[in-house]
Amino acid sequence: MPSPPIVYWDSCVWIGHIAQEPDKFPATRYVVRLAGEGRRQIMTSTIALAEVVKMKCGDEWVAMAASDQDPFANLLAQDWVTTVVADWDVGVKARDLFRLHMADGLKKPQDALHLAVAVLENVSEMHTFDNKDLLRLNGKVRRDDGTLLTICTPPVPDLTQGVDADLFADPAAA
């Protein structure tokens with residue numbers, strides 16, 4: 001059986017999933033379900049460990065209590081999540097990508113670090129909700145294998161076709 005496609009999750013995707021943000025959770029939940037079924041592998045970097053410590057409360061960002069971070073640790077421990085260490089090679093690639101794509105909208109070094117891991121690991125897609133920096137780079141960044149990297153928001157199931165229609169069913173009602 002072939003390996004499932006690997007998708008990279010930026011920190012904002014993890015935050016949207018853990019906080020169950022209404023505009024993000026349907027998509028993240030769908031990808032988590034695909035991963036749990038062996039149809040995707042989610043990759044992230046150790047950088048996310050330092051970034052996934054906040055969540056949106058109204059219009060403001062607040063720090064998560066230590067107990068709120070347990071869901072993130074539990075997610076990272078799943079077989080369908082691969083964590084990549086941000087090492088020297090990642091740092092060098094991030095620096096190069098930052099310099100190369102700063103004019104295209106790459107403004108934050110931590111986003112360059114996430115992008116570097118996705119590039120070096122030749123992931124199928126990089127998922128993010130960051131339309132100020134990362135989404136603007138879709139089709140402009142080459143993976144290590146020379147293929148252009150797809151940078152997009154996580155997909156939402158097509159409920160109009162009856163595909164995954166049970167995805168949002170209330171499990172308590174079953």
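Both backbone and side-chain heavy atoms feed into the values below; hydrogens, waters and symmetry mates do not.
From Leu34, atom CG reaches atom CZ of Arg39 across 4.5 Å, with rounding to the nearest 0.5 Å. Here the NE2-SG distance, from His114 to Cys12, works out to 8.0 Å after rounding to the nearest 0.5 Å. Rounding to the nearest 0.5 Å gives a distance of 11.5 Å between CE of Met102 and CG of Asp133. Going from atom CG of Asn122 over to atom OH of Tyr8 covers 14.0 Å, rounded to the nearest 0.5 Å. The CG atom of Asn131 lies 9.0 Å from the CZ atom of Arg136; values are rounded to the nearest 0.5 Å. Note: Ile6 CD1 to Thr82 OG1 = 6.5 Å, rounded to the nearest 0.5 Å.
A search for side chain to side chain donor-acceptor pair (under 3.5 Å) contacts involving Glu121 returns nothing, not counting sequence neighbours. In this structure Pro4 satisfies the side chain to side chain contact (heavy atoms under 4.5 Å, CB included) test together with Gln41, sequence neighbours excluded. Scanning for side chain to side chain contact (heavy atoms under 4.5 Å, CB included) contacts around Ala86 gives Ser45, Thr46, Ile47, Val90, with sequence neighbours left out.
One hydrophobic cluster, built from ILVMFWY side chains closer than 4.5 Å, cannot hold both Val81 and Met43; they sit in different ones. Note on Val84 and Trp80: separate hydrophobic clusters, where clusters join Ile, Leu, Val, Met, Phe, Trp and Tyr whose side-chain heavy atoms are under 4.5 Å apart, directly or indirectly. One hydrophobic cluster, built from ILVMFWY side chains closer than 4.5 Å, cannot hold both Leu113 and Val52; they sit in different ones. Under the 4.5 Å side-chain heavy-atom criterion for ILVMFWY residues, no single connected hydrophobic cluster contains both Val13 and Leu135. The same ILVMFWY cluster, assembled from side-chain heavy atoms under 4.5 Å apart, contains both Ile15 and Val7.
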- request: Could you check Arg29 against Val32 for side-chain contact (heavy atoms from CB on, under 4.5 Å), going step by step and ending with a plain yes or no?
  value: CA-CA 5 Å; Arg29 182 176 170 189; Val32 164; 5.7 Å; no
field: Worked check of side-chain contact (heavy atoms from CB on, under 4.5 Å) between Leu106 and Leu134
entry: CA-CA 7 Å; Leu106 188 58; Leu134 293 171; 4.0 Å; yes
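Counting only N and O atoms by type, the side chains of Thr153 and His127 include no donor and acceptor under 3.5 Å apart.
The stretch residues 138-150 participates, sequence neighbours left out, in these salt bridge (charged side-chain N to carboxylate O under 4.0 Å, His left out) pairs: Lys93-Asp144, Arg143-Asp145. A side chain to side chain donor-acceptor pair (under 3.5 Å) check over residues 98-112, counting only residues at least two apart or in different chains, returns the pairs His101-Asp104. Counting only residues at least two apart or in different chains, ring-ring contact (aromatic ring centres under 6.0 Å, His included) contacts with residues 137-157 are absent.
Of all heavy-atom pairs between Ala118 and Leu149, the closest is CB-CD2, 4.1 Å. Contact detail for Pro154 and Ala27: the closest heavy-atom pair is O-CB, 3.4 Å. Considering all non-hydrogen atoms of both residues, Pro155 and Tyr30 come closest at O-CD2, 3.5 Å. In terms of heavy atoms, Glu21 sits closest to Pro26 at O-CD, 4.4 Å.
Under the ring-ring contact (aromatic ring centres under 6.0 Å, His included) test applied with Trp14, the options Phe129, Trp9, Phe25 reduce to a single match, Trp9.
Counting heavy atoms of neighbouring residues, nucleotides and ligands inside a 6.0 Å radius, atom CG of Asp23 exceeds 12 of them.
For the pair Leu75/Ile18, a side-chain contact is recorded, criterion being any heavy-atom separation below 4.5 Å from C-beta on.
Using a distance-only test at 3.5 Å, with no hydrogens or angles considered, a donor-acceptor pair links the side chain of Asn138 to the main chain of Ile151. A donor-acceptor contact shorter than 3.5 Å links the side chain of Gln78 to the backbone of Asn74.
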